[in-house]
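This structure is a prediction, so every number in the text was calculated from the model and none was measured. One-based numbering, in listed order, for ligands and for the atoms of each.
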Amino acid sequence: MRTDLLEADQAGIRCAADIIRAGGLVAFPTETVYGLGANALSEPAVLRIFEAKDRPRGNPLIVHLAEAAQLATVATAVTSRAADLAARFWPGPLTLVLPRAAAVPLVTTGGLDTVAVRVPDHAVARALIEAAGVPIAAPSANRSGRPSPTRAAHVRDDLDGRIEMILDGGPTPVGIESTVLDMTGESPLLLRPGGIPLEALRQALGPVRVVAGEDHEAAGRSPGLRYRHYAPRAEVVLVDPGSGETAVQPWLEAGRPVALVAQRPIALERARLTVRVMPTDLEAYARDLFALLRELDSVGVEVIVVEAVPETGLGRTIMDRLRRAAATS
Ligand code: TXA
Ligand code: MG
């Protein structure tokens, strides 16, 4: 059976809230990417998320609240530093890892005694959580390992027939997932770069520890880092800025369809070469990144050669996602 796709107006949101309350699954827009939502406090409802996505059970979910005032229902021992961060960055693309409150079942947190929580900056998401009357657990609404969905159509491509409903709220404005910050240790630890740049966190907090994606301790603390992510079907190859034309040559010579993605005009024209020029503005780049990876898959390229972007602000997040997309294990 096909999944219903409803416009995210009042009637659509009411219908979606009924499904959540009844233990069902609804994909909905947030400011970052589309989320696949279920009642965060219901074990059977949350288990269905893992099934629909083919997601490993050990990979914990983010719990979404309509407002920061509800934090005490899902987290305990909220320090003043964490509360300050919530006041400053919520609603917004910052997820805080805090000690888990007993009301949150262990399936939601992948068995951990901590819980990841955020208040999304999207009117539809917040209206849905409010109407449902429960916190909503929501990973990105893609099949596990695929690029995150930034349009309702991406959700349908991955999850049609596996979930009750998709709320269509148009393209998501940030386009990359939230920053995940662990607040349970001595000093704040960045677990996943995201929509709030590291620079903004350091300005608010002072020192923030950062661990590379390959770091084993970090992999233990943020289980999601262990899994291959954001991968289109095509092979992704990351190259230095300015070297794209040279890098595509071997594939073109072998007669294989290849894409070249850069932040500058590309004069090269060849049969079997698809060129995409991305914005130099990193916010605009981030907004389009996952849609671009999916689009290049649909064009049928076998290889996507991407020129690196500067690693400042959202550039750090973009490079993190590109490296994961390029990783082969
Ligand atoms: O922007 C976003 O964060 C989107 C929207 C829908 O809110 N959600 C999202 O969820 O990206 P997901 O499941 O794709 O990524 C959640 C990340 C994973 O890397 C997971 O390991 C980490 O957050 N995480 C969740 N709970 C955690 C916890 N208790 N401790 C450490 N890491 C946690
Ligand atoms: Mg995800």
Side-chain angles (χ1 to χ4, degrees), residues 25-38 40 46 49-50 52-65 74-75 89-101 104-122 124-126 128-129 135-150 154-155 158-159 167 169 172-185 188-196 211 213 217-231 286 290 317 320-321 324-325:
L25 302 182
V26 174
F28 63 98
T30 77
E31 81 280 37
T32 57
V33 301
Y34 275 76
L36 177 58
V46 168
I49 292 180
F50 288 92
K53 275 187 61 111
D54 297 323
R55 182 178 176 106
R57 288 277 182 85
N59 192 356
L61 308 177
I62 295 173
V63 174
H64 297 70
L65 306 174
V74 297
F89 291 103
W90 289 354
L94 177 65
T95 294
L96 299 177
V97 173
L98 299 166
R100 174 181 65 92
V104 180
L106 282 166
V107 283
T108 303
T109 65
L112 297 174
D113 264 327
T114 55
V115 61
V117 53
R118 80 183 192 97
V119 177
D121 187 13
H122 196 291
V124 171
R126 291 170 70 198
L128 172 63
I129 302 163
I136 294 185
S140 48
N142 51 290
R143 284 280 191 112
S144 218
R146 299 268 303 141
S148 291
T150 54
H154 298 163
V155 180
D158 279 17
L159 297 175
L167 262 184
T172 56
V174 175
I176 42 179
E177 305 89 338
S178 63
T179 301
V180 181
L181 188 67
D182 186 345
M183 295 300 290
T184 62
L189 176 67
L190 182 80
L191 295 178
R192 178 178 75 178
I196 298 288
V211 279
E217 190 216 4
R221 293 182 75 165
S222 188
L225 297 178
R226 274 194 248 120
Y227 307 103
R228 184 163 183 248
H229 250 91
Y230 316 112
F290 289 140
T317 308
D320 171 79
R321 304 304 190 262
R324 287 174 197 283

Numbered atoms of ligand 1 (with element) below 4.0 Å of [X], judged on heavy atoms:
X: Val97; answer: 30 (N), 31 (C)
X: Thr32; answer: 1 (O), 2 (C), 4 (C), 5 (C)
X: Ser140; answer: 8 (N), 9 (C), 10 (O), 12 (P), 14 (O)
X: Arg192; answer: 2 (C), 3 (O), 9 (C), 11 (O), 15 (O), 16 (C), 17 (C)
X: Ile62; answer: 3 (O), 8 (N), 9 (C), 10 (O), 16 (C)
X: Thr114; answer: 28 (C), 29 (N), 30 (N)
X: Leu61; answer: 25 (C), 26 (N)
X: Asn59; answer: 18 (C), 20 (C), 21 (O)

### Query
How far does CZ of Arg146 sit from OG of Ser140, to the nearest 0.5 angstrom?
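One finds 12.0 Å between CZ of Arg146 and OG of Ser140.
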### Task
Looking only at distances, please establish whether an N/O atom of ligand 1 is found under 3.5 Å from an N/O atom of Thr95.
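For ligand 1, there is no N or O atom that lies under 3.5 Å from one belonging to Thr95.
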### Message
Looking only at distances, can you tell me whether any N or O atom of Lys53, backbone or side chain, sits closer than 3.5 Å to an N or O atom of ligand 1?
### Response
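No; every N/O pair is 3.5 Å or more apart.
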[X] side-chain N/O to [Y] backbone N/O, donor-acceptor pair under 3.5 Å:
X: Lys53; Y: Ala141; result: no
X: Tyr34; Y: Gly169; result: yes
X: Ser178; Y: Pro93; result: no

### Option from Thr184, Asp113, Thr114 for which side chain to side chain donor-acceptor pair (under 3.5 Å) with Arg100 holds
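Checked Thr184, Asp113, Thr114 against Arg100; only one passes side chain to side chain donor-acceptor pair (under 3.5 Å): Asp113.
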### Query
Can an N, O or S atom be found in Asn142 less than 2.8 Å away from the Mg ion (ligand 2)?
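No, since none of the N, O or S atoms of Asn142 sits under 2.8 Å from the Mg ion (ligand 2).
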Could you check whether any heavy atom of [X] sits closer than 4.0 Å to an atom of ligand 1, since that is the contact criterion I want to use?
X: Arg100; result: no
X: His64; result: yes
X: Pro93; result: no

#### Entry: Test side chain to side chain donor-acceptor pair (under 3.5 Å) applied to Arg118 - qualifying residues, sequence neighbours left out
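Partners of Arg118 by the side chain to side chain donor-acceptor pair (under 3.5 Å) criterion, ordered by chain and then number, come out as Thr30, Glu31, Thr32.
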#### Entry: From Val155, Thr150, Val124, residue fulfilling side chain to side chain contact (heavy atoms under 4.5 Å, CB included) relative to Pro29
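Between Pro29 and the candidates, side chain to side chain contact (heavy atoms under 4.5 Å, CB included) is satisfied uniquely by Val124.
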### Task
State, with a plain yes or no, whether a side-chain heavy atom of Val117 is found less than 4.5 Å away from one of Leu98.
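Side-chain contact under 4.5 Å: yes.
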### Message
Side chains of Arg57 and Val107, heavy atoms from C-beta outward: is any pair under 4.5 Å?
### Response
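SC-SC contact between Arg57 and Val107 ruled out.
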#### Entry: For ligand 1, the portion of Ala138 having any non-hydrogen atom under 4.0 Å away
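It is the backbone that gets close, since no side chain atom is under 4.0 Å.
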### Message
If I compare all heavy atoms of Ala38 with all of Leu25, which pair ends up nearest, and what's the gap?
### Response
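Smallest interatomic distance, heavy atoms only, reads CB-CD2, 3.7 Å.
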